[in-house]
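In what follows, a single structure is set out as structure tokens and then discussed.
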Amino acid sequence: MSTEDRPPAPRSLAEALRARGDAALGALLRSRPDLITPVPTDLTQLATRAGTRASVVRALERLDRFALQTAQALAVAADPATYGELLGLMAGDDADPAVVAALPHALGLLREQALVWGDDDRLRLVRTARELLAPSPQHPSPTGLGPTVQEGTAGMSPGRIQEIVTAAGLASTHDSVSAVTALAGLFTDRARMTALLADATADSLDVLERLVWGPPYGQVTHDPAPRLRWLLDRGLLLPTAPGTVVLPREVALHLRRGLAHRAPEPVPPVVEAAAVHRPQVVDSAAAGQAYTALATVEELLKDWDEGGPAVLRAGGLSVRDLKRTAVALDVPEPAAAFWVELAYAAGLIASDGEADERYAATPAYDEWLEQPPAERWSRLVTAWLAATRTAGLVGGRDAKDRTLSALGPGLDRSAAPEVRHRVLALLAGLPEGAAPVAGTVLARLRWERPLRGDRREDDLRGRLAEWALSEAELLGVTGRGALSAQGRALLGAPAAPAPGPEGEPSGPGDKLPVHHHHRPAPLAPLSPAEQAVASAAAARLLAPLLPEPLDHVLLQADLTAVAPGPLQRPLADMLGVLADVESKGGATVYRFTPGSVRRALDAGQAASDLHAFLAAHSRTPVPQPLAYLIDDVARRHGHLRVGAASAYVRCDDDAVLSEILADKRAAGLGLRRLAPTVLAAQADPAGLLEGLRAMGFAPAAESAEGDVLITRALAHRTPPRTAPEPVPDGPPVPDDTLLAAALRAIRAGDLASTTPRKPGTAPAGNGELPRTGAAETLATMQAAVLTGEALWIGYVNAEGAASQRVIAPVRVEGGFVTAYDHTADEVRTYPLHRITGVAELADDAG
């Protein structure tokens with residue numbers, strides 16, 4: 001393209017945006033969705049919003065390390081800078097080939113996100129980004145560079161500047177500006193600088209070496225040593241404050257051979273495979289973990305069936321209740337916090353909202369139990385992927401030094417879903433069955449989001465990644481550290497790359513010398529509809545791998561029953577009432593006790609029902625001790641009756657009541673005899689039942705009518721509750737429909753604000769609306785209908801929001817104008833009384 005044909009260089013970010021096509025503008029709005037919340041009226045407002053501090057900080061946080069290094073280099077370059085100058089700062093005098101190859105992509109990314117604008121011969125970093133990234137004494141630059149010679153000599157006396165120029169071997173000048181320019185020219189001339197430093201002593205060069213990569217500031221006494229005096233006399237060190245000197249930027253760049261960064265990182269760190277396993281082994285191990293996850297969540301909720309722990313006044317579980325839950329689940333406390341938070345995120349537990357508020361299962365838990373195991377697993381992992389609540393923070397301290405409790409406030413971290421998804425996506429990029437080296441995953445994440453990984457909350461992003469790896473293993477998304485087939489389906493990922501010949505393992509723990517130097521296309525997070533499809537696909541893959549539930553147990557003479565595998569739900573539920581779980585593992589051992597048998601009788605079962613149940617579901621004969629136990633407890637069950645007076649006990653055998661009254665353990669119940677067969681108590685019925693059972697009796701509760709009350713399992717449920725909503729990490733990425741509408745509105749608003757108007761018809765610029773009288777407005781509209789010309793109008797809608805529009809009137813009648821509106825790209829009708837004014841467009845407006 002010739003110089004005459006080249007479009008003029010943009011003079012502002014708004015002009016640069018105006019020159020973009022819809023595809024480029026759409027890419028900007030997708031990468032920075034905060035720019036269309038709300039939709040800007042025109043491109044000038046869009047450019048202004050893109051330069052605000054909050055938006056720029058957010059955009060910088062989402063840059064990878066090399067793109068950020070490129071922005072940091074532009075912040076220490078001249079403004080504007082050429083592409084050649086930027087390349088020199090990034091690649092150095094040796095022109096590192098990797099940097100040369102990667103720089104166009106990084107610069108293109110900065111341009112796409114409107115952090116850099118201008119042609120290659122006039123690159124400009126957005127002013128706010130320059131202010132954030134440029135070095136200053138208060139905020140050192142990651143480049144380690146200090147101020148320029150011009151900035152460093154700003155407060156220096158003209159005489160002192162001339163002394164420095166002369167000592168450096170330059171001719172004195174008549175003014176300080178030209179002297180500083182000459183000194184900067186010397187420092188940026190490699191040949192002359194080499195000659196100047198050739199005269200320096202080794203001690204002086206050692207001082208420069210200590211400052212060259214930063215921090216560039218050093219301390220000196222009021223009488224500097226000769227090695228420092230030589231440097232100060234020639235401006236190679238400049239005083240910034242009493243006792244402080246700084247290495248000028250130009251000098252540092254010469255010593256660095258032009259590099260703005262000590263170690264440019266154009267290529268992301270490789271995610272290495274630590275070991276590779278057969279895919280079938282990975283999937284089976286993951287399926288085993290998935291089954292354990294389902295069993296753990298079920299056990300947790302069964303433990304809370306009759307009302308779980310109390311809710312703390314500030315919200316959440318107490319430390320004591322978390323410890324008790326960990327003991328009940330036989331897991332460490334951090335794992336218990338994870339399972340509790342997972343059930344909460346899936347909507348399976350919540351607070352009941354009563355005056356004495358407690359946690360309990362929700363009605364959704366009963367629905368969940370009725371689903372097939374693979375679908376139950378799918379619901380858990382889908383909730384985990386999207387949850388912003390972070391169980392790993394439990395036990396830590398918040399900003400006010402308060403302990404963070406499970407189910408309590410302060411656990412939301414908006415970055416958690418993105419980190420989980422990214423960790424799994426990195427695993428999906430490895431060969432099938434390959435488990436990663438955890439350190440390389442963390443290094444990759446820090447490269448991808450350096451500002452979010454290195455300095456915030458003690459590397460929160462790294463901790464989120466570590467938690468994601470361990471939680472994925474607990475849930476069965478991974479097996480033996482490698483992504484399973486169901487985990488890959490959960491992401492909507494394609495088939496895994498096959499390992500090369502050099503990656504074939506000889507054992508499950510062999511190191512894999514596989515290095516993937518390409519950068520795989522990142523897997524984008526799925527929309528809710530896409531995630532539902534992917535979760536269903538993952539469930540279908542998992543279903544055949546889960547063990548089939550059994551319909552039998554093995555009864556033993558020592559009052560135990562062994563379940564050699566998972567049990568069918570009706571059998572498991574009934575056995576859970578009739579016996580206590582003694583041990584878990586590959587086989588579950590249940591123990592029958594008088595208390596457990598009484599529990600089954602309280603639930604409405606008769607002794608004959610229990611005998612029939614055991615005979616039907618045991619592969620071994622029912623042992624005689626177990627049959628005797630059931631008959632013995634059943635014979636005494638209900639012999640005593642407890643009702644509500646405050647409470648009372650009645651029994652047909654007055655000798656039994658006399659025995660109770662004589663027992664010292666009954667003193668706390670406040671018992672007194674009302675009749676030969678009735679005792680009254682100060683304790684409530686529940687306390688009285690518990691006290692008598694502790695004394696060895698088997699009382700039954702009765703209703704006001706005298707009937708035995710049946711205690712049903714799964715009695716306590718919260719009212720209907722919804723799962724907690726994740727806390728979004730900023731505005732959501734706009735979908736195609738919203739993006740198209742936003743682009744159309746911005747383009748139309750820009751047309752309205754930039755289209756030339758005829759001189760004298762209305763004010764232009766600054767977003768000021770045209771103002772004309774009603775008669776003039778009507779006449780201009782009617783004339784435009786006849787001529788077919790477009791008009792510029794000001795319009796105030798019913799909510800009082802004012803806007804500028806370019807319309808082509810079609811019809812004016814009944815106090816309304818019907819026109820083609822460029823803003824909406826459709827024909828609309830407007831009340832004339834809401835039009836503030838009208839102006840004709842210039843004849844050459846295109």
Please determine if D283 and R480 form a salt bridge, counting it only when a charged side-chain N lies under 4.0 Å from a carboxylate O.
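Salt bridge: no.
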
Salt bridge or not for R422 and E418, using N-O below 4.0 Å?
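E418 and R422: not salt-bridged.
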
Just do the salt bridge (Lys or Arg N to Asp or Glu O under 4.0 Å) check on R358 and D356 with the steps written out, would you?
CA-CA 6 Å; R358 309 184 79 82; D356 181 20; 3.8 Å; yes

Minimum heavy-atom separation for L451 to L60, with atom names?
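For L451 and L60, the tightest heavy-atom pair comes out as CD1-O, 3.7 Å.
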
Evaluate whether atom CZ of R397 has more than 12 neighbouring non-hydrogen atoms of other residues, nucleotides or ligands under 6.0 angstrom away.
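Above 12, so yes.
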
So does E690 have more than 12 non-hydrogen atoms from other groups sitting under 6.0 Å from CD?
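Incorrect, the count does not exceed 12.
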
Pair D580-R599, salt bridge (Lys or Arg N to Asp or Glu O under 4.0 Å): steps then yes or no
CA-CA 10 Å; D580 298 323; R599 187 169 63 229; 2.8 Å; yes

Is there a donor-acceptor pair closer than 3.5 Å between any side-chain N or O of R449 and the backbone N or O of R62?
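Yes: the side chain of R449 pairs with the backbone of R62.
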
Does the R130 side chain pair with the main chain of A75, one donor and one acceptor, at a distance under 3.5 Å?
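Indeed, once roles are kept as given, a pair shorter than 3.5 Å links the two residues.
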
Could you work out, with side-chain hydrogen bond (donor to acceptor under 3.5 Å, both in side chains) as the rule, every residue matching E299, not counting sequence neighbours?
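Per chain and number, E299 pairs via side-chain hydrogen bond (donor to acceptor under 3.5 Å, both in side chains) with K584.
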
Reported [atom1]-to-[atom2] distance for the pair [X] and [Y], which is rounded to 0.5 angstrom:
{"X": "R30", "Y": "L739", "atom1": "CZ", "atom2": "CG", "value": "4.5 Å"}
{"X": "E432", "Y": "R488", "atom1": "CD", "atom2": "CZ", "value": "6.0 Å"}
{"X": "S55", "Y": "L35", "atom1": "OG", "atom2": "CG", "value": "4.5 Å"}
{"X": "R324", "Y": "L322", "atom1": "CZ", "atom2": "CG", "value": "10.5 Å"}
{"X": "R376", "Y": "E370", "atom1": "CZ", "atom2": "CD", "value": "9.0 Å"}

With sequence neighbours excluded, give me every side-chain hydrogen bond (donor to acceptor under 3.5 Å, both in side chains) pair touching residues 285-294.
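Every pair satisfying side-chain hydrogen bond (donor to acceptor under 3.5 Å, both in side chains) with a residue in residues 285-294: there are none.
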
Show the numbers, then the answer: is there a side chain to side chain donor-acceptor pair (under 3.5 Å) between E473 and T478?
CA-CA 5 Å; E473 190 75 10; T478 60; 2.6 Å; yes

